[in-house]
Amino acid sequence: VSQSTSSQAGRRLPLGETTFLAIAFACLVIGIVFTRDLTANGQLVPEILALIGIPLVALRVAQLLRRKDKGGTVAEQDVAESASSTRELLVAGGWVVGFFLMSLLAGMLVAIPVFIAAYLRQGGTGWRGSITTSAVTTALTFAAFERALDIELYRGIFWP
Amino acid sequence: MGAYLEGLTLMFQPATLAGICLGVVVGLVAGAIPGLGGLVVLPLFLPFMHGLDPSIGLPFLVSIVSVGFIGGSISAILLNVPGTGPNVMTCLDGYPMTQRGEGARALGASRMASLLGSFMTTIWAILIIPLLLPIVLAMRSAEMVLIVLMGLSFLVVLSKGSLVTGMIGAVLGLLVSSIGFHSVTGEVRMTFGIPLLYEGLPLVPVVLGLFAMTEMIDLATKRTSIAAPESIENMSMRMALEGYKDVWRHKWLSLRSSGIGFIAGLIPGMGGDVATFISYGQAKQLSKDPDRFGNGAVEGVIAAESANDAKEGGALLTTLAFGIPGSAIWAIMLGALLTMGLTPGPRMFEEQLGLSFGMLYVIAFASLIATIVTTVAIPLLGKVTVLPSHQVVAVVVPIVFIGAYAANEDVFDILLLLLFTALGVVMKRFGYNRPAFLLAFILGFLFELELFKALNAYGPFFFLRPISFAILLITVGLFVYAMLPRRQKETEKV
């Protein structure tokens, strides 16, 4: 890891974790606000959790700040690696969301073969291997879920 | 005595045996593929457990759990890639043995050590149940509340990562579990007017999102082949048998390690990583030549693998007796038990003692079958571990989606899956404790119910009852231990 540091990176809190902590804080507050009209029993657990959770979130933010103050500036290489892994994460997430949207629109029995074939192709598998794997997996899925287990896979918006 | 025999009779039913064999195959394949493992695969089968006869469904799931680590040790030894978390310690000496051309011997030693661990854990569990039963039946709501807290504390304190991030994970899990109808008053909480949330969040999409899909996304971002193909050459059964003999030569080490694993498994939330770590540590400390450890000492493989399998019996016992899972994978098993209409806890030993014994026998029997299968099919299993990551992701992602959808046949569950995948990815990335979140989510209902009962029965100072107070002291002691400077240094190292 490079010893050189980026002063820009060093000045700020890690955005991702801070956002996560902010959401966690919001959830804990929501827990109290949305149970205010309930009986004491209904309020008890969300209140206990907020009582414990909010100081913990604050403590974690303090830990992150302290780490930064102790010279925990982020090395340039780390920043680059983090950006690259974030990009890869977004690409992987994009595939998953794409599969979900296709399932929603065209149904699972269309989305499954398309996703498998496309994902295998982008990974470097040949056309024949991609299509064969896709066909076999879809057939097995259909046989196992639709036929053997009698679970109707989601047909999508366009196929009522 | 009748329950012991009932358990045996249950295990030898044709349907049960079929469930075990199928579970062994699934567990071995899943465990051998890094990134999969029982933790990812087990939730895929949860949707099919609804209303299934426990004598068929449970042997299948227990076999996956107990055999998953065996599959994981194969990739750990051959490729230095632990298939599951607890297999990390197996890598330390198993992989150097493979590099020396002794991969098959290391595999043989790990198989036999695992088998011995499984048998020993079954024997110890059977011996301890009669002693445990009166204690378990003496538990009341006050004790149950504190046991739930203690289980969560163990998971938070003893797992990797910082104490604060672990506790945040547990608090969020409890908060999420409180969505929907209140278990006692029936009031609706935090549903934002969405009727689908009235009954609370379903377990399957939460588990699949937090673990299976998160691991798939992690695997997808790596975009490399899982392992180098040349590492599975030079495999022979003769060398594997040599490994069997190694276990006999170090039989006392194996027995000691399985004892450590069993005790570690008994402690709620302690998990496999800790069991194998302690076991490996004692083997090294008591060795006449500790410098060999880490450089291909067969004793290192034996210590880690004996403890790894033995912990499952202990974890099973805690899960059944108290309803507190010994580790993340047993948290999923707890969900499976509930799905099948069984309620783990003190009453389980009263009403389903035969089934409880049967599950213990299954651990040993599944391990025996897995040992035979792996010894014969070592070269074939090795090939599974060299699958490129994109091939694994392409096939598993659709199965995970179907798994989430199948339980209720509702697209809303897929949305929840995506939501908890995002949460799982974030938690994994920033080192927040996902098992603690899951355990808290599963136990949230029980915690709130027992807290209500305890407050009504014993008042606000219910924790001053003798057993409750003892449990509270243990829990506080855990946190004190976690705050010791040495433990904090270890955590920073991790």
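Letters go in sequence order (proteins before strands), and every chain restarts at 1. Side chains are part of it too, since the values below use all heavy atoms of this structure and drop only hydrogens, waters and symmetry mates. No experiment lies behind these values; they were computed from the predicted model shown.
Contacts of A:F100 with chain B are made by both backbone and side-chain atoms, with heavy-atom separations under 4.5 Å. Looking at B:F401, both its backbone and its side chain come within 4.5 Å of chain A, counting heavy atoms on both sides. In this structure, chain A has a heavy atom under 4.5 Å from the side chain of B:E409, while its backbone stays farther away. Contact of B:L455 with chain A is made through the side chain alone, with heavy-atom distances under 4.5 Å. Of the atoms belonging to B:L172, it is side-chain heavy atoms, and not backbone ones, that fall under 4.5 Å from chain A.
Residues B:R429 and A:E17 are not paired through a salt bridge, judged by the lack of any N-O separation under 4.0 Å between the basic side chain and the carboxylate. A salt bridge links B:E448 with B:R189: at least one charged nitrogen is closer than 4.0 Å to a carboxylate oxygen.
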Inset, instruction - Kindly determine whether B:Y432 and A:F20 satisfy ring-ring contact (aromatic ring centres under 6.0 Å, His included), including the steps that lead there. - result: CA-CA 10 Å; B:Y432 286 80; A:F20 171 70; 4.7 Å; yes

Inset, instruction - Determine, stepwise, if the pair B:F447 / B:V145 fulfils side chain to side chain contact (heavy atoms under 4.5 Å, CB included). - result: CA-CA 6 Å; B:F447 172 73; B:V145 171; 3.8 Å; yes

Inset, instruction - Could you give me the CA-CA distance, side-chain angles and deciding distance for B:L201 and B:V176, then say whether side chain to side chain contact (heavy atoms under 4.5 Å, CB included) is met? - result: CA-CA 8 Å; B:L201 295 179; B:V176 170; 3.2 Å; yes

Scan the side chains in residues 22-35 of chain A for donor-acceptor partners under 3.5 Å anywhere in the protein, sequence neighbours excluded, and list what turns up.
from	atom 1	to	atom 2	distance (Å)
A:T35	OG1	A:G31	O	2.6
A:T35	OG1	A:I32	O	3.1

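B:F445 is not listed as a side-chain neighbour of B:S177, based on a closest heavy-atom distance of 4.5 Å or more. The closest side-chain heavy-atom distance from B:F430 to A:T18 is not below 4.5 Å. Using a 4.5 Å heavy-atom threshold, the side chains of B:L472 and B:L149 count as separate.
Among residues 125-139 of chain A, the residues having any heavy atom closer than 4.5 Å to a heavy atom of chain B are, in sequence order, A:T125, A:T133, A:T137. Proximity to chain A among residues 417-428 of chain B is limited to B:L418, B:L423, B:V425, B:V426, B:M427, judged by heavy-atom separations below 4.5 angstrom.
Annotation: side-chain hydrogen bond (donor to acceptor under 3.5 Å, both in side chains) contacts of B:E187 (sequence neighbours excluded): A:T39, B:T185.
One side chain, A:Q63 or A:R60, offers a donor N or O that lies under 3.5 Å from an acceptor on the other.
Between chain B and the residues A:L104, A:I52, A:L21, A:T141, the largest count of heavy-atom pairs under 4.5 Å involves A:L21. Per-residue heavy-atom pair counts under 4.5 Å with chain B were compared for A:L38, A:V97, A:D37, A:I112, and the maximum is reached by A:L38.
Aromatic ring orientation, A:F115 versus A:W95: perpendicular (interplanar angle above 60°, classes split at 30° and 60°). A perpendicular orientation is assigned to the rings of B:F463 and B:F461, their planes being inclined by more than 60° (bins at 30° and 60°).
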